[in-house]
Amino acid sequence: MEFFCYHRDRPASLALRQELLEEHWSYMDGYAQEMIARGPTMADDGETPTGSVHIADLPDPAAARAFAFDEPGYQAGAYRDVLLRRWRNMLGRTMWDFPGGPTDGNRYLVLGLGPVPDAVLTEPAEQDELIAYGPLLSDDGTTWLGTAALVRAPDADAARAVLPAGRYADIEVHNWQFGGRS
């Protein structure tokens with residue numbers, strides 16, 4: 001089962017995150033084989049982290065909750081909240097398989113939240129710039145609750161266009177970087 005996990009930083013937690021960085025990486029090293037994608041979201045300055053995205057293939061919802069809530073930053077209070085949802089890998093690959101590599105161009109996390117009634121999940125026709133793409137699902141995997149995409153795009157507006165306007169109650173766009181150890 002695939003899961004999308006987004007830990008959003010609480011205000012003024014940068015020093016705590018930096019203090020826990022090695023512990024966070026060591027924790028995530030334990031899930032290296034399960035990772036589909038990972039990396040921090042960043043403020044507009046491109047240097048200040050605002051959250052941490054992990055997409056992982058885990059045995060069940062209990063394992064996903066343990067993954068999300070046993071994470072050292074969460075345990076220490078670095079995050080204001082956690083978005084944890086079942087997810088389906090519509091591209092069938094990991095971020096390391098993305099032909100564009102880890103650093104070329106601007107990268108974004110795009111979240112389409114709360115599909116409007118009668119909206120239909122569709123796969124984008126153009127997939128060359130998609131790093132990861134899939135629906136956010138209910139715990140039992142039967143109800144479509146939104147969409148999460150990692151995308152390379154020239155700017156935030158182009159990234160937002162990956163999700164069709166009018167299909168979601170809200171679309172969020174966050175600067176994102178490939179994560180993990182250097």
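Note that the coordinates shown come from a computational prediction; the quantities given were computed from them, not determined experimentally. Keep in mind that the numbers below use all heavy atoms, side chains included, and drop hydrogens, waters and symmetry copies. Position 1 is the first residue of the sequence; numbering continues from there.
Within 6.0 Å of atom CG in Asp44, 12 or fewer heavy atoms from other residues, nucleotides or ligands are found, so the atom counts as exposed in its surroundings. By the 6.0 Å contact criterion, CD on Glu123 is enclosed, its count of non-hydrogen atoms from other residues, nucleotides or ligands being greater than 12.
The hydrophobic clustering, which links ILVMFWY residues whose side-chain heavy atoms are closer than 4.5 Å, places Val53 and Trp25 apart. At a threshold of 4.5 Å between side-chain heavy atoms, the hydrophobic network of Ile, Leu, Val, Met, Phe, Trp and Tyr places Leu113 and Val151 in two separate groups. No path of Ile, Leu, Val, Met, Phe, Trp and Tyr side chains, each step under 4.5 Å between heavy atoms, connects Leu137 with Ile55, placing them in separate hydrophobic clusters. Both Val162 and Met90 are assigned to one and the same hydrophobic cluster, defined by single-linkage of ILVMFWY side chains at heavy-atom distances under 4.5 Å.
Inter-residue side-chain proximity for Met1 and Pro59 is flagged as unmet; no heavy-atom pair is nearer than 4.5 Å. When side chains are defined from C-beta on, Leu130 counts as touching Leu91, because their heavy atoms get closer than 4.5 Å. Between Tyr6 and His174, some side-chain heavy-atom pair lies under the 4.5 Å cut-off. Arg93 places a side-chain heavy atom less than 4.5 Å from the side chain of Phe98. Here the side chains of Ser52 and His24 are in contact, with some heavy-atom distance below 4.5 Å. Counting heavy atoms from C-beta outward, Cys5 and Leu83 have side chains that stay 4.5 Å or more apart. Residues Arg10 and Leu16 form a side-chain contact, since some pair of their non-hydrogen atoms from C-beta on lies under 4.5 Å apart. Under the 4.5 Å side-chain criterion, counting only non-hydrogen atoms from C-beta, Arg8 is not in contact with Val82.
Nearest heavy-atom pair across Tyr133 and Leu121 is OH-CD1, 4.1 Å. Heavy-atom minimum distance, Trp176 versus Ile131: CZ3-CD1, 3.9 Å. When every heavy atom of Arg167 is checked against every heavy atom of Val120, the shortest pair comes out as NH1-O, 3.4 Å. Between Ala78 and Ser13, the shortest heavy-atom distance links the atoms O-OG, 3.1 Å. Residues Ala76 and Leu20 share a closest heavy-atom pair of CB-CD1, 3.5 Å. Taking every heavy atom of both residues into account, Ala43 and Thr50 meet most closely at N-CG2, 3.5 Å.
A donor-acceptor pair under 3.5 Å is absent between the side-chain atoms of Asp155 and the main chain of Ala159, judged by distance alone. A distance-only check finds a donor-acceptor pair linking the side chain of Tyr27 to the backbone of Phe67 [under 3.5 Å]. In this structure, the side chain of Arg38 does not engage the main chain of Phe178 through any donor-acceptor pair within 3.5 Å. A distance-only check finds no donor-acceptor pair linking the side chain of Trp87 to the backbone of Leu136 [under 3.5 Å]. Here the side chain of Gln75 pairs a donor or acceptor atom with the backbone of Phe69 at under 3.5 angstrom. Distance alone, capped at 3.5 Å, places no donor-acceptor pair between the Glu2 side chain and the Asp57 backbone.
Between Thr41 and Tyr108, the side chains place no donor N or O within less than 3.5 Å of an acceptor N or O (distance only, hydrogens not considered).
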Practice problem: Apply the test ring pair (Phe, Tyr, Trp, His ring centres under 6.0 Å) to residues His54 and Tyr31: give CA-CA distance (whole Å), side-chain angles for both, the deciding distance (0.1 Å), then the verdict. | Solution: CA-CA 10 Å; His54 296 90; Tyr31 292 94; 9.0 Å; no
Practice problem: Decide side-chain contact (heavy atoms from CB on, under 4.5 Å) for Asp9 and Leu14; before the verdict, give the C-alpha distance in whole Å, the side-chain angles of both, and the deciding distance to 0.1 Å. | Solution: CA-CA 8 Å; Asp9 288 8; Leu14 180 58; 5.9 Å; no
Practice problem: Report the C-alpha separation of Ile171 and Val110 in whole Å, then their side-chain angles, then the decisive distance to 0.1 Å, and conclude whether the side-chain contact (heavy atoms from CB on, under 4.5 Å) test is met. | Solution: CA-CA 7 Å; Ile171 296 177; Val110 184; 3.9 Å; yes
Quiz item: For Phe4 and Leu111, what are the C-alpha separation, side-chain angles and deciding distance, and is it a side-chain contact (heavy atoms from CB on, under 4.5 Å)?
Solution: CA-CA 11 Å; Phe4 174 88; Leu111 294 173; 3.7 Å; yes
Practice problem: List the steps, then state whether side-chain contact (heavy atoms from CB on, under 4.5 Å) holds for Met35 with Met28. | Solution: CA-CA 9 Å; Met35 285 292 168; Met28 292 302 164; 3.6 Å; yes
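In summary, Arg86 and Asp139 do not engage in a salt bridge, as defined by a charged side-chain N under 4.0 Å from a carboxylate O. Taking a cutoff of 4.0 Å between a charged side-chain nitrogen and a carboxylate oxygen, Glu129 and Arg107 do not qualify as a salt bridge. Looking at Arg152 and Asp104, a side-chain N of the basic residue comes within less than 4.0 Å of a carboxylate O on the acidic one, giving a salt bridge.
A perpendicular orientation is assigned to the rings of Tyr168 and Trp144, their planes being inclined by more than 60° (bins at 30° and 60°).
Here Ser26 pairs with Glu22, Arg181 under the side chain to side chain donor-acceptor pair (under 3.5 Å) rule; sequence neighbours left out. Tyr79 pairs by the ring-ring contact (aromatic ring centres under 6.0 Å, His included) definition with His7, not counting sequence neighbours.
Between atom CG of residue Leu145 and atom CZ of residue Arg85 there is a gap of 5.0 Å, rounded to the nearest 0.5 Å.
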